[in-house]
Amino acid sequence: MRKGGGGGGGEKGRGVCVCVLRFYWAARVTVAERMNKYIVPASFMASVIGGAVLIKDYVTGGTCPSKATVSGKTIIITGANTGIGKAAARELAGRGARIIMGCRDMEKCEAAAREIRGESLNHHVYARHLDLASLQSVRHFVSKFNKEEERLDVLINNAAVMRCPHWETEDGFEMQLGVNHLGHFLLTNLLLEKLKKSGNSRIINVSSLAHIVGRIDFNDLNWERKKYDTKAAYCQSKLANVLFTRELAKKLQGSGVTTNAVHPGVTNTELGRHTGMHNSNFSSTMLGPFFLMLVKSPILGAQSYVYLAVAEELEGVSGKYFDVMKQKDPAPQALDDETARRLWEISAKLVKLENEKPTPQLKNVPFDNVKPNSKSLMEH
């Protein structure tokens, strides 16, 4: 009887064990399924993020390999109150340079200069007014600089506007051509004597990868006849930067002054404030995070400026185009010497360079249908 009773209890016990095991396996499968539900998407996102980081590391180009200091050297950086220009000013100040920040917005410029002085512990960082949309402002900046400064070792033509509406400069030039090219063209030429006297000086013209689709329209350089295309106007101005560099290098041969153009890489700055990405809520919300994963910070964007300004191995290198910190061939249209020469001559006429002393020898050429006026539609 006891034995039989014990057998009945064993059957019940085995039944309970089976139920427990079934529940355990069912629960385990359910947990695994739930985990897979989240693990697969998480793994995919991790792969995407990891790939983005690798791509970002590749496109950024890294940091400047040169550790050279620039103590005792004077450097002008245009548009230095924000973005890449500010980051370059900070690093070069940290390397001992005397920094002259040329900016239109003096309130922001003064604030940036104070910030850089505090971070770098270099008190020789100065804010100076410079509006590249005004030839008068450019001339005033140079006059003040020549009176106050004894030397100029590096000129970084960084300031730019990108894809803005159809605005005009104070002198009646299309804004992107006027600021990105003509303003810097005049500034550079007026500072050449100071650069030559300083010896082994460098001029860095900031261009863009956008120059590869640029075209110089000599029949309507100022966008007075055709429908305005803000993208094409920007690309034209960036091609002009490379052509200017090429022609300037020829004129500076044997002077001890070198000049090179650079594309710093796609960087997260205020430059693109007029583009669709910044003006569209959808683009900013949906594409913004991916854009930020792939673009550089201003600090990384500034590394190409620093490299071209300080690298010992670049002494004597002139007339070249750099993609970040690698020398590369620019677009074929940027290698056209006749276009470069013609653009120089027209630019000299537009900014009235022949009225300045001293000035390079320039030929008298037709104005090519580009007629500046004194009326300004809008301030950028």
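Not measured: the values here are computed from a predicted model.
When all heavy atoms are compared, the tightest approach of Gly62 to Met325 is O-CE, 3.4 Å. Shown here for Cys64 and Gln303, the closest heavy-atom pair between the two residues is N-OE1, 2.9 Å. Contact between Asn158 and Gly85 at its shortest, heavy atoms only, is ND2-CA, 3.6 Å. Looking at every heavy atom in both residues, Met175 comes nearest to Ala133 through SD-CB, 4.0 Å. Closest non-hydrogen pair, His166 versus Glu174, comes out as CD2-CG, 4.3 Å. Residues Leu221 and Leu350 come closest through the heavy atom pair CD2-CD1, 4.4 Å.
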Q.
Run the side-chain contact (heavy atoms from CB on, under 4.5 Å) test on Glu170 and Asp131 for me, step by step, so that the C-alpha distance in whole Å, both residues' side-chain angles and the decisive distance to 0.1 Å come before the verdict.
A. CA-CA 10 Å; Glu170 179 180 289; Asp131 183 357; 5.7 Å; no
**Q.** Stepwise salt bridge (charged side-chain N to carboxylate O under 4.0 Å, His left out) test for Lys197 and Glu193
**A.** CA-CA 6 Å; Lys197 289 178 181 177; Glu193 289 307 306; 5.6 Å; no
Q: Show your reasoning for whether side-chain contact (heavy atoms from CB on, under 4.5 Å) applies to Arg139 and Leu190.
A: CA-CA 8 Å; Arg139 289 184 168 91; Leu190 296 184; 3.9 Å; yes
(Q) Checking Lys86 against Glu115 for the salt bridge (charged side-chain N to carboxylate O under 4.0 Å, His left out) test, could you report, in this order, the C-alpha distance in whole Å, the side-chain angles of both residues, the deciding distance, and whether it holds? (A) CA-CA 10 Å; Lys86 181 181 177 182; Glu115 180 184 321; 3.1 Å; yes
Q: Decide side-chain contact (heavy atoms from CB on, under 4.5 Å) for Ile77 and Met101; before the verdict, give the C-alpha distance in whole Å, the side-chain angles of both, and the deciding distance to 0.1 Å.
A: CA-CA 5 Å; Ile77 306 176; Met101 303 167 64; 5.8 Å; no
(Q) For Ile76 and Val154: C-alpha separation, side-chain torsions, deciding distance, then whether side-chain contact (heavy atoms from CB on, under 4.5 Å) applies. (A) CA-CA 6 Å; Ile76 290 176; Val154 181; over 6 Å; no
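With a 4.5 Å cut-off on side-chain heavy atoms, Ile99 and Ile116 do not count as touching. Side-chain contact between Thr245 and Leu248 is absent, with no heavy-atom pair separated by less than 4.5 Å. Within the 4.5 Å cutoff, side-chain heavy atoms of Leu187 are placed close to those of Val142. Side-chain contact check for Lys296 versus Val324: some heavy-atom pair is nearer than 4.5 Å. Between Pro165 and Thr230, the closest side-chain pair of non-hydrogen atoms is not below 4.5 Å.
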Throw together a table of side-chain donor-acceptor distances under 3.5 angstrom for residues 315-323, partners on residues two or more places apart or in other chains.
| from | atom 1 | to | atom 2 | distance (Å) |
| --- | --- | --- | --- | --- |
| Ser318 | OG | Thr259 | N | 3.0 |
| Ser318 | OG | Thr259 | O | 3.4 |

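Side chain of Gln236 to backbone of Asp217: a donor-acceptor contact under 3.5 angstrom is found. Within the 3.5 Å criterion, the main-chain N or O of Lys238 finds a donor-acceptor partner in the side chain of Ser207. Judged purely by atom type and a 3.5 angstrom limit, Thr78 has no side-chain atom pairing as donor or acceptor with the backbone of Gly102. The backbone N or O of Gly172 lies less than 3.5 Å from a partner atom in the side chain of Asn222, making a donor-acceptor pair. Of the possible donor and acceptor atoms, none in the side chain of Ser201 sits under 3.5 Å from a partner among the backbone N and O of Lys196. In this structure, the side chain of Asn81 does not engage the main chain of Asp105 through any donor-acceptor pair within 3.5 Å. Looking at Thr74, its side chain never comes within 3.5 Å of a backbone N or O of Asp153 through a donor-acceptor pair. Between the Lys194 side chain and the Glu149 main chain, a donor and an acceptor come within less than 3.5 Å of each other. With Gln333 contributing its side chain and Arg215 its backbone, the two residues share no donor-acceptor pair below 3.5 Å. Although no hydrogens or angles enter the test, the distance criterion places no donor-acceptor pair under 3.5 Å between the side chain of Asn260 and the main chain of Leu308.
In the hydrophobic clustering of this structure, Val242 does not group with Leu314; members are Ile, Leu, Val, Met, Phe, Trp, Tyr whose side-chain heavy atoms approach within less than 4.5 Å, directly or through other members. Residues Met106 and Tyr126 do not share a hydrophobic cluster, defined by chaining ILVMFWY side chains whose heavy atoms lie under 4.5 Å apart. Linking ILVMFWY side-chain heavy atoms closer than 4.5 Å, directly or via other members, places Val213 and Val161 in two distinct hydrophobic clusters. In this structure, Leu132 is a member of the same hydrophobic cluster as Ile203, with clusters built from ILVMFWY side-chain heavy atoms closer than 4.5 Å.
Aromatic ring orientation, Phe141 versus Phe145: parallel (interplanar angle below 30°, classes split at 30° and 60°).
The local environment of CD in Gln136 is sparse, with at most 12 non-hydrogen atoms from other residues, nucleotides or ligands closer than 6.0 Å. Remark: Glu150 CD is loosely packed, at most 12 non-hydrogen atoms of other residues, nucleotides or ligands lying under 6.0 Å away.
Between the CG atom of Leu195 and the CG atom of Leu252 there is a distance of 8.5 Å, given to the nearest 0.5 Å. Atom CE of Met162 sits about 5.0 Å away from atom OH of Tyr234, to the nearest 0.5 Å. The distance from the NE2 atom of His184 to the NE2 atom of His181 is 11.5 Å, given to the nearest 0.5 Å.
A cation-pi contact, defined as under 6.0 Å to the ring centre and within 45° of the axis, links Arg342 to Phe218. Stacking of Lys250 on the aromatic ring of Trp344 is not recorded, the 6.0 Å distance cut-off and the 45° axial limit not both being met.
For the side-chain contact (heavy atoms from CB on, under 4.5 Å) with Thr339, the lone residue among Asp336, Asp337, Leu335 that qualifies is Asp336. Evaluated for a side-chain contact (heavy atoms from CB on, under 4.5 Å) with Arg95, the options Ile75, Asn122, Val70 yield exactly one hit, Val70.
Membership of the apolar cluster around Tyr228 extends to Trp223, as traced through chained side-chain contacts below 4.5 Å between ILVMFWY residues.
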